[in-house]
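Numbers for residues simply follow the sequence, beginning at 1.
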Amino acid sequence: MTSNKSYGYWSILFSVAGSLLLVASYLISPNEPQGMIVIGLQIMLLSAIVLLGLGVVTSTLAIRKKEEGIKKYIGILLPVIIILFAVLVPILMGIGFMLNDNP
């Protein structure tokens with residue numbers, strides 16, 4: 001069965017699914033995972049990365065095809081926001097600790 005959905009649609013679908021899997025892999029992770037739980041979390045994390053990558057690829061294809069609307073940019077925007085959040089939070093925390101260093 002073929003689908004005639006636009007690349008922008010697939011971009012949103014892949015990016016949102018990847019983001020949800022990424023968040024879910026952190027939310028359901030126990031303090032000390034053991035055995036099959038570790039493998040399941042690794043599969044979830046790898047699936048999230050693949051889905052986010054597919055979102056970027058389909059978003060790029062949508063931009064090249066010059067599709068209308070803003071759906072095509074969400075596939076690139078979500079992974080960028082996730083990466084910025086992962087990079088900027090420790091930096092901002094470090095700056096906050098340096099500013100509040102009261103002797």
Please indicate whether I70 has more than 12 foreign heavy atoms, meaning atoms of other residues, nucleotides or ligands, lying under 6.0 Å from its CD1. no

Distance check, rounded to the nearest 0.5 Å: L51 atom CG versus L78 atom CG? 12.0 Å

Is there a path of hydrophobic side-chain contacts, each under 4.5 Å between heavy atoms, that joins V80 and I63? yes

Under 4.5 Å between side-chain heavy atoms, hopping through other hydrophobics if needed: is there a path connecting I74 to L20? yes

Contact summary for G55 and S15, nearest pair of heavy atoms: CA-OG, 3.7 Å

Atom CE in M98, atom CE in M93: separation rounded to 0.5 Å? 12.5 Å

Can you tell me if E67 uses its side chain to pair, donor with acceptor, with the backbone of G8 under 3.5 Å? yes

Nearest-0.5 Å distance that lies between atom OH in Y26 and atom CE in M44: 11.0 Å

L46 side, atom CG; L41 side, atom CG - distance, nearest 0.5 Å: 12.5 Å

Approximate separation, where rounding is to 0.5 Å, of K66 NZ and K72 NZ: 9.5 Å

Locate the shortest heavy-atom distance separating T58 from S11; write the atom from each residue and the value. OG1-CA, 3.1 Å

With clusters defined by side-chain heavy atoms of hydrophobic residues (ILVMFWY) lying less than 4.5 Å apart, directly or transitively, does L52 cluster with I81? no

Starting from Y9, can I reach F14 by hopping between I/L/V/M/F/W/Y residues whose side chains sit under 4.5 Å apart? yes

Taken to the nearest 0.5 Å, the spacing of M36 CE from I43 CD1 works out to 7.0 Å

Shortest non-hydrogen pair, I76 vs S59, comes out as CG1-OG, 3.4 Å

Can you tell me if S25 uses its side chain to pair, donor with acceptor, with the backbone of L22 under 3.5 Å? yes

Scanning both residues in full, the closest heavy-atom pair of G75 with V56 reads O-CG2, 3.5 Å

Mind checking side-chain contact (heavy atoms from CB on, under 4.5 Å) for I83 and listing every partner two or more places apart, or none if nothing turns up? V87

Is it the case that one hydrophobic cluster holds both L21 and W10, taking links as side-chain heavy atoms less than 4.5 Å apart, direct or via other members? yes

